[in-house]
Asker: 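Take a look at the following structure, please.
Small disclaimer: the values here were computed from a predicted structure and weren't measured. All heavy atoms count here, side chains included; hydrogens, waters and symmetry mates do not.
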Amino acid sequence: LTHVEDTNSLPLAAIGALAAAVGALLALRLSRRIKRSLMGYEPDAFARRFHQREDILEALEEGILAIDREGRIIFLNAAAAQMLSLAPEAAMGRPLHSVYPSSTLDRILRTGRPEYNVSMKSLKDVRVLADRLPLYENGVTGAVQSYVEGFQMSATSSGGVRSSTE
């Protein structure tokens with residue numbers, strides 16, 4: 001009876017070893033795929049870099065607002081929130097026009113063309129110029145707008161317009 005039990009455990013051990021080897025190969029393949037999607041960084045290093053960049057964008061005096069292809073707000077730094085009188089927590093993930101009805105940033109989603117030195121006439125209390133750029137990843141996936149507050153407009157000798165911050 002003992003001999004019969006030993007012969008049954010041998011195929012079970014082989015199946016277990018095979019399953020462990022297949023699992024290890026799949027785990028290695030998955031970890032390589034994750035690392036490739038994180039641009040070669042380990043997850044903790046990628047997270048650290050992400051948070052560093054997020055802190056840098058928050059520290060800017062220039063306002064930054066970004067939307068995805070559906071027109072939902074995906075980024076709003078403190079300077080933009082202040083200029084637009086928005087609460088960042090309340091605006092994130094919401095449709096742009098539900099929190100900033102007069103915005104024309106979504107035009108960039110339709111045209112795919114950048115716009116520079118756009119005067120934000122919809123902001124009555126603040127003089128703001130904005131640059132708007134499409135975000136690309138296999139086509140237009142969103143748009144970003146950067147705001148510069150406190151500008152002066154003056155005519156140039158060639159008849160153009162020059163802007164500068166105060």
Asker: Decide if atom CD of E137 counts as having more than 12 heavy atoms of other residues, nucleotides or ligands within a radius under 6.0 Å.
Answerer: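 Not more than 12 within 6.0 Å, no.
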Asker: For the CD atom on Q82, are there more than 12 heavy atoms of other groups (residues, nucleotides or ligands in this structure) within a distance under 6.0 Å?
Answerer: no
Asker: May I ask you to decide if E61's main-chain N or O and N77's side chain share a donor-acceptor pair within less than 3.5 Å?
Answerer: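 No, because the side chain of N77 does not come within donor-acceptor range (under 3.5 Å) of the backbone of E61.
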Asker: Knowing that exactly one of L109, L76, I74 qualifies, which makes a side chain to side chain contact (heavy atoms under 4.5 Å, CB included) with I67?
Answerer: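 With I67 as partner, side chain to side chain contact (heavy atoms under 4.5 Å, CB included) holds for just one option, L109.
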Asker: Just by distance, do the side chain of D131 and the backbone of N117 share a donor-acceptor pair under 3.5 Å?
Answerer: yes
Asker: Please name all residues satisfying side chain to side chain contact (heavy atoms under 4.5 Å, CB included) with A87, sequence neighbours left out, ordered by chain then number.
Answerer: E89, A90
Asker: Would you say the side-chain atoms of T141 pair up with the backbone N or O of L135, donor to acceptor, closer than 3.5 Å?
Answerer: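 The answer is yes, because a donor-acceptor pair under 3.5 Å joins these two groups.
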Asker: The criterion is salt bridge (charged side-chain N to carboxylate O under 4.0 Å, His left out); which residues satisfy it with R113, sequence neighbours excluded?
Answerer: none
Asker: Can a donor-acceptor pair be found, under 3.5 Å and without considering hydrogens, that links the side chain of Y41 to the backbone of A47?
Answerer: no
Asker: Check whether any side-chain N or O of S103 sits under 3.5 Å from a backbone N or O of Y100 as a donor-acceptor pair, and report yes or no.
Answerer: no
Asker: Look at the side chain of Q145 and the backbone N and O of A130, then say whether any donor-acceptor pair between them is shorter than 3.5 Å.
Answerer: no
Asker: Hey, could you give me the CG/CG distance between L65 and L86, rounded to the nearest 0.5 Å?
Answerer: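 Interatomic distance, L65 CG to L86 CG, rounded to 0.5 Å: 8.0 Å.
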